[in-house]
Amino acid sequence: MKHTKKCTGLLLATALVMQVVMPGAQVDAKKASKPALSKKKIVVKEGTKKKVTVKNAKGYKLTVKSKRKAIAAVSKKGKTAFVVKGVKAGKTKVVCTAKKNKKKVTLTCTVNVKKKGNKVIQPAVSPIPTKDNPGTSTTPASTDAPVSTATPVPTLGPFPETDKYSYVPHEFADVSENVEKGMIEEFAYTSKTTNKTHNVLVQLPANYSQDKQYPVLYLFHGETDTEGIWKDMAADQIIDNATAFKAAKEMIVVMPNISGDKDEDIIKDFADDLKPEVEAKYSASKERHNIAVAGYGVGGRIALNIGLSLPEQVAYTGAFAPVEGLLPSNGADGYFDNSSFCIDEKYKDYTFVMIQKGKSDDVAGEAPDSYNKTLTDNGSECLYLEMDGAHDHDLFKAGLYNFARRIFKRGTQDESIVNGFVTKVPDSAIKPTTHRGKIEKIEYDTETYDPDNSQKIHKWANVYLPYDYDPEKQYNILYLMHGGGENADTWIKGDNIYGDYTHNRDMLNRLFEDGYCEPCIIVNPTFYRPEGAPEPSNAMDLTTLFQHELRNDLIPAVEATYSTYAGGDVSIESLKASRMHRGFAGLSMGSNTTYHSAFFGNYDLFAWYAPYSGYFGTENGNDADADRFNKIIEEGEANGMPLGFIYCGNGSDDFALSGQLDLMQKALVRSSILVPGRNYDFVIIPDGIHDMNQWHIHLYNTLKIFFTKE
């Protein structure tokens, strides 16, 4: 295989393969003092308050927001603090944004609201106002029933929603054999407003039933196009895939032909003709919190006009590269003046507006930015996504994907769940620090565990201890496995051929010092056997046989020596009780080890999993393996062993992508427990190949997600 300056060896199935990689970059910029929270985790009871101070905030302007206001409310306290008030039991996040000139720092703390006393308040969703229901509600009656043990909810999703976006994920615009497609129907109606007959395409959810009411998304085309353009852009496939893979809610999608009509006529037609026609023909919800409008170009302008003009009918508005015309511009009047361009005060807390801009869009120009700025200046919250791209189908498809996975979730447990993002490793995250963790070697006795011929062997593993490791403190622990042809030095220490060229060790030191995540112990073992030991006929068997060594020998040796949540007690009962503080990750053959030895073989000992780049499955095939995967999770839930998170990482150009993606798609569409963003994600690095540059990014994201549930 071809090599460049630095390489790493990996195994594909049973053959060793060498892959091309490039050295990581290192930056020497000085880290300046910047705002930081006095507390990153808050526990507060219902009806009580806690104050959080923002350190180093002098000269900064603070804004604060609770991700779930029904759980916790937040308000500023002076110029450098805010107060969190518990509303009802649950978990959420509070986001504090500090701005000074062009500097912007986003700070996040997790809030755990505990019940006050022993009474159980039945959960209630704050009603979203409708024309017939202004939003008043009564407090549910409390009971004295005993509190049941609920499945833990993560305190932190993998990626923030407010300032992040994703391009259409890998293969989301393609037909998938794992996804059942919804029907697309066509009908025509005569508009009393325009006196014209309009054609309409309607996409129904897979397994559409008249016995169930569905939310409705109305999509408006732009410029000189017609309703068929949405199917040409694979909008139907994006919606079907997003729904099947739980990135979006089930919905009816309505695509009308609005060619040649004026904005004001389209708005009136929407309210008086199109919407009533759809609701008469289909099992469509009429409640405003189940109605969304979106469009691109002219259609984006129209959708934004509808959303702001008919707030009593529409709760979600998406404007993808909307063109000018809503506001006064170049001497021409707009449909709104600058002061009236806002969300109706009555619906402000119950309305979602998203505006997308393409950085190279010379058709919409600065109109999206102008709309966003005017809304913001008028006190109306807007999610503004500025993305690479021109005024073309790729931009509009990305707008649709980002909008579709955010709608119809208001007031539900999925409201803040977002998936599909990968956060690149910032240069500052690999800057060396004087607070360096140390690596120790641990030796232990084990066996080959070959069926009917197990032989005694002696092995070793590397143990990374964070800076200032305290044996009196309990630490989370991550077992991190290498790939084919590598060894226990590969991940952190750096092997004697290529070294630690992506600076994983520097990254760990920096992330722990900066408080990116809690310091943890990391163990780098090997599934390979010492020289002279018998080898199986197939090297891939090592990734499965390792499950016995892991359970019986490695974990007991490590956790009897170092301070973990097992507390030095390495009995199976103790290890099971501490599983929420133990994770396993690995690359390539290490990914297979994560699946077979950690997940399939020792689910009762681990709650957190991160397989990177590959699933080399069993002879039973991915269908059977996916069912086995789901059965383990279901039985775990039933027996008080919930899944913490499974972070699947891969690259779009990685040869090991297809098998793993197929397995996890099958598992996801069949599971009632896996929810992207809550306990699962499949992150694909654009242009990522089978190398440490990709896995370096995945490890960075994994550390943010792991061990965030108790």
Handout entry: Test salt bridge (charged side-chain N to carboxylate O under 4.0 Å, His left out) applied to Arg301 and Asp263, step by step
Key = CA-CA 9 Å; Arg301 182 184 72 199; Asp263 288 30; 2.9 Å; yes
Handout entry: Test ring-ring contact (aromatic ring centres under 6.0 Å, His included) applied to His198 and Tyr189, step by step
Key = CA-CA 6 Å; His198 296 266; Tyr189 72 100; 5.5 Å; yes
Handout entry: Non-neighbouring partners of Phe599 that pass ring-ring contact (aromatic ring centres under 6.0 Å, His included), sequence neighbours left out
Key =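 Scan of Phe599 (ring-ring contact (aromatic ring centres under 6.0 Å, His included), adjacent residues dropped) gives Tyr603, Tyr609, Phe629.
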Exercise for the section: Answer yes or no: is there a donor N or O on one side and an acceptor on the other, between the side chain of Asp681 and the main chain of Val683, under 3.5 Å? Expected result: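 Not at all, since once roles are kept as given, no pair shorter than 3.5 Å links the two residues.
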Problem - Test item: Asn679 side-chain N/O and Ile673 main-chain N/O as donor-acceptor pair under 3.5 Å - result: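 Flag set: sc Asn679 to bb Ile673 pair under 3.5 Å.
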Least distance between heavy atoms, [X] atom then [Y] atom:
X	Y	result
Ala234	Ala173	CB-O, 3.6 Å
Ala206	Glu250	O-OE2, 3.7 Å
Phe320	Ala294	CZ-CB, 3.7 Å
Gly651	Ile684	C-CG2, 3.7 Å
Asp687	Asp653	CA-OD2, 3.4 Å

Handout entry: Polar side chain donor-acceptor pair, Ser283 to Tyr208, under 3.5 angstrom
Key =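 Judged by distance alone, the side chains do not pair up.
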Problem - Modelled atom types, side-chain donor and acceptor of Asn620 and Asp625, under 3.5 Å - result: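 No, because no side-chain N or O of Asn620 sits under 3.5 Å from a partner of the opposite role on Asp625.
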Practice task
Please assess Lys348 against Glu345 for the test salt bridge (charged side-chain N to carboxylate O under 4.0 Å, His left out), listing each intermediate value before the final yes or no.
Solution key: CA-CA 5 Å; Lys348 184 177 291 187; Glu345 189 69 29; 3.0 Å; yes
Practice task
Answer yes or no for Lys357 and Tyr384: cation-pi contact, defined as NZ/CZ to six-membered ring centre under 6.0 Å and angle to ring axis within 45°.
Solution key: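 No, Lys357 does not lie over the aromatic ring of Tyr384.
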